[in-house]
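Data block below; observations after.
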Amino acid sequence: MATHIFRVTVRGRFDGLTDEVRSQLSARADEHDGLTARFDATGTLVYDKAIDAAFGGARARAVALLDSLGAGYRDLKVDGTDMADVWR
């Protein structure tokens with residue numbers, strides 16, 4: 001019988017966080033750094049508070065610019081790439 005070993009990564013984004021949950025996640029972010037990720041039976045939750053800050057800041061700047069222009073907008077989505085990954 002063949003043996004299978006799978007390494008599975010599930011990626012997503014937090015959604016609908018209350019201020020309390022956001023604060024708790026931010027306070028524990030160092031415990032969930034990507035450098036501590038591991039593949040084991042229980043899995044590892046990895047997130048980075050810098051990503052949330054960068055994306056939130058980019059969205060806020062875009063909204064401010066659009067508002068200053070008097071331009072309507074809707075369905076803004078923020079996506080990005082860690083450019084350090086490109087150079088690795």
Output every pair passing salt bridge (Lys or Arg N to Asp or Glu O under 4.0 Å) with a member in residues 17-28, not counting sequence neighbours, ordered by first then second residue. Arg22-Asp52, Arg28-Glu31

In chain order, what residues pass the side chain to side chain contact (heavy atoms under 4.5 Å, CB included) check against Ala27, with sequence neighbours excluded? none

Do the non-hydrogen side-chain atoms of Asp33 and Val46 ever get within less than 4.5 Å of each other? no

Can you tell me how far CG of Leu17 sits from CD of Gln24, rounded to the nearest 0.5 angstrom? 10.5 Å

Name all residues meeting the side chain to side chain contact (heavy atoms under 4.5 Å, CB included) criterion together with Ser23; count only those two or more places apart in sequence or in a different chain, and write none if there are none. none

Return the set of residues passing side chain to side chain contact (heavy atoms under 4.5 Å, CB included) with Ala29 (not counting sequence neighbours), or none when no residue passes. Tyr47, Lys49

Residue pairs fulfilling side chain to side chain donor-acceptor pair (under 3.5 Å) with at least one residue in residues 64-73, sequence neighbours excluded: Asp67-Tyr73

